Amino acid sequence: RMAFPAELFDHAVSYEVKDGIAVIQMNQPEKMNVMGQHLNAGVQVALDLASDDPDVRVVIFTGAGRAFCAGGNLSGGVASGGFKARAGAKVPPTVSQAVRNLRVGMYSSDMLRSM
């Protein structure tokens, strides 16, 4: 079993497996666990590890502090540029196009649904 590289994600996420139960915890309570670059990437790697581990039967996904997750980081984080889909692009003219662009980066949600 591969060790979770928490230091690569500035310890924004922890991952532990015990008795077939994987616990993924978002660890930025001072920011209400908003989905920024480190937290999002750490969650994705933890979900991949859990998905690939045949001993994992249950995944508990939780957040430290008073909020599970306050959403995307709108102060220059991953979510703030989501409507544009990529740097330098124009904001789409319709809400449905903007929502499609945001969904492109929702890998974590897709992983949870497929487990």
Side-chain angles (χ1 to χ4, degrees):
R1 173 178 300 156
M2 181 181 151
F4 180 73
E7 64 283 350
L8 289 178
F9 310 110
D10 201 24
H11 298 278
V13 176
S14 65
Y15 175 77
E16 294 181 9
V17 177
K18 183 178 178 183
D19 298 327
I21 301 170
V23 178
I24 300 169
Q25 182 170 354
M26 297 178 287
N27 291 322
Q28 293 186 319
E30 70 284 355
K31 297 179 182 178
M32 296 178 63
N33 298 312
V34 295
M35 291 300 269
Q37 182 179 3
H38 286 117
L39 196 131
N40 192 35
V43 166
Q44 289 178 20
V45 168
L47 287 169
D48 283 339
L49 288 173
S51 181
D52 292 342
D53 188 338
D55 294 331
V56 171
R57 298 182 322 269
V58 174
V59 175
I60 297 173
F61 189 35
T62 186
R66 65 186 180 100
F68 168 71
C69 179
N73 182 356
L74 298 178
S75 62
V78 186
S80 64
F83 285 110
K84 296 181 180 181
R86 63 185 177 280
K90 293 181 181 178
V91 173
T94 66
V95 171
S96 61
Q97 286 177 317
V99 169
R100 274 195 299 275
N101 288 347
L102 286 171
R103 287 183 179 155
V104 168
M106 295 179 68
Y107 176 76
S108 300
S109 295
D110 289 339
M111 281 294 296
L112 285 169
R113 280 193 298 273
S114 69
M115 291 178 105

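Everything quoted here is computed from the prediction, not taken from an experiment.
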Minimum heavy-atom distance A70-V34, with the two atoms named: CB-CG1, 3.8 Å
Considering all heavy atoms, the nearest V17-A22 contact: CG2-CB, 4.0 Å
Set of salt bridge (charged side-chain N to carboxylate O under 4.0 Å, His left out) partners for D10, sequence neighbours left out: none
Contact list for residues 15-25, test salt bridge (charged side-chain N to carboxylate O under 4.0 Å, His left out), sequence neighbours left out: none
With A64 via side-chain contact (heavy atoms from CB on, under 4.5 Å) - residues at least two apart: Q25, N27, P29
Hydrophobic cluster of I60, others only, ordered by chain and residue number, side-chain cut-off 4.5 Å: I21, V23, V58
N/O donor-acceptor pair under 3.5 Å between N33 side chain and F68 backbone: yes
Atom of F4, atom of V13 and distance for their closest heavy-atom approach: CE2-O, 3.2 Å
Common cluster, M32/M35, ILVMFWY with side-chain heavy-atom separation under 4.5 Å: no
Residue pair F61 / M26, side-chain heavy-atom distance below 4.5 Å: yes
Pairs where residues 51-67 contributes a residue and the test salt bridge (charged side-chain N to carboxylate O under 4.0 Å, His left out) is met, not counting sequence neighbours: R1-D53, R1-D55
side-chain contact (heavy atoms from CB on, under 4.5 Å) involving E7 - partner list, sequence neighbours excluded: P5, H11
Residues that A12 engages under side-chain contact (heavy atoms from CB on, under 4.5 Å), provided they are two or more places apart: Q28, H38, L39
Partner of F9 by side-chain contact (heavy atoms from CB on, under 4.5 Å), out of V43, V45, N40: V45
